[in-house]
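Data block below; observations after.
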Amino acid sequence: QVQLVESGGGLVQAGASLRLSCAASGRTFSSYAMAWFRQAPGKEREFVAAIRWTTGYTYYANSLQGRFTISRDNAANTVYLQMNSLKPEDTAVYYCAAGTGLKSGAWAYDYWGQGTQVTVSS
């Protein structure tokens with residue numbers, strides 16, 4: 001059974017940093033791309049960043065590149081999202097996803113985690 005388990009969310013003040021983790025298990029993800037999405041209350045799910053397991057190639061939402069960094073630890077089967085200079089508008093539930101294509105559409109991802117809440121206070 002495929003599992004993606006996110007952790008690392010929490011309540012922080014504006015300007016702070018957080019690192020989210022996504023532990024993957026249940027199958028071999030080496031041919032997959034891993035991504036982070038987020039969804040704020042009343043809004044659609046939004047692409048944040050993606051990374052290819054094998055090459056480490058990354059792909060970011062234009063508006064977030066520079067503050068957010070996606071990385072992976074192949075040995076640990078874990079993907080990370082380092083978030084710096086957080087803003088109140090970054091408040092959302094952050095989801096980890098796995099899919100065969102390095103794309104920004106949620107439709108491209110087959111497996112999803114349960115999400116972790118990030119709240120940024122002003």
Side-chain angles (χ1 to χ4, degrees):
Q1 182 180 358
V2 173
Q3 272 198 313
L4 301 177
V5 180
E6 302 98 333
S7 61
L11 171 63
V12 297
Q13 289 191 330
S17 297
L18 274 178
R19 189 177 79 157
L20 305 183
S21 300
C22 171
S25 63
R27 66 159 295 145
T28 301
F29 287 95
S30 58
S31 62
Y32 273 60
M34 303 294 294
W36 288 96
F37 286 78
R38 67 184 185 182
Q39 189 165 19
K43 295 189 176 182
E44 293 187 354
R45 194 163 294 192
E46 175 189 21
F47 172 75
V48 175
I51 188 167
R52 176 74 68 186
W53 273 117
T54 50
T55 62
Y57 182 82
T58 57
Y59 175 35
Y60 292 92
N62 288 341
S63 61
L64 298 175
Q65 190 164 11
R67 290 196 300 125
F68 289 16
T69 303
I70 190 171
S71 62
R72 92 283 192 222
D73 182 337
N74 288 2
N77 264 8
T78 301
V79 175
Y80 304 99
L81 184 68
Q82 178 67 42
M83 305 185 294
N84 298 328
S85 302
L86 283 163
K87 304 174 182 180
E89 51 264 44
D90 294 319
T91 295
V93 177
Y94 284 71
Y95 296 92
C96 176
T100 54
L102 193 73
K103 299 184 183 298
S104 60
W107 56 267
Y109 295 87
D110 303 310
Y111 304 103
W112 292 83
Q114 82 290 348
T116 185
Q117 176 70 47
V118 172
T119 303
V120 184
S121 63
S122 57

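Here the closest non-hydrogen pair linking V120 and T91 is N-OG1, 2.9 Å. Minimum interatomic distance between T55 and R72 (heavy atoms only, all atoms of both residues): C-NH2, 3.8 Å. Taking both residues in full, the closest heavy atoms of A40 and A92 are given as N-CB, 3.8 Å, listed atom of the first, atom of the second, then distance. Summarising the geometry of A49 relative to L81, their closest heavy-atom pair is CB-CD1, 4.5 Å, with the distance given to 0.1 Å.
Through direct or indirect side-chain contacts shorter than 4.5 Å among Ile, Leu, Val, Met, Phe, Trp and Tyr, Y95 is connected to F37, F47, Y57, Y59, V93, L102, Y109, W112. Grouping Ile, Leu, Val, Met, Phe, Trp and Tyr residues whose side-chain heavy atoms lie under 4.5 Å apart, directly or via other members, leaves Y80 alone, with no other cluster members.
To the nearest 0.5 Å, atom OH of residue Y60 and atom OG of residue S104 are 14.5 Å apart. The OG1 atom of T69 sits 10.5 Å away from atom CG of L64, with the distance rounded to the nearest 0.5 Å. Remark: E46 CD to Q39 CD distance equals 10.0 Å, nearest 0.5 Å.
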Stepwise side-chain contact (heavy atoms from CB on, under 4.5 Å) test for M83 and V48: CA-CA 11 Å; M83 305 185 294; V48 175; over 6 Å; no
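With hydrogens and angles disregarded, no donor-acceptor distance shorter than 3.5 Å links the side chain of Q114 to the backbone of V5. Between the side chain of R27 and the backbone N or O of Q3, no donor-acceptor pair lies under 3.5 Å.
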Listing, residues 10-26 side-chain donor-acceptor contacts under 3.5 Å, not counting sequence neighbours, or none:
from, atom 1, to, atom 2, distance (Å)
S17, OG, N84, OD1, 2.9

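Hydrophobic clustering (side-chain heavy atoms under 4.5 Å, transitive across Ile, Leu, Val, Met, Phe, Trp, Tyr) groups M34 together with V2.
For the pair Y111 and Y32, the minimum side-chain heavy-atom distance is below 4.5 Å. The shortest side-chain heavy-atom distance between R38 and V118 does not fall under the 4.5 Å cut-off.
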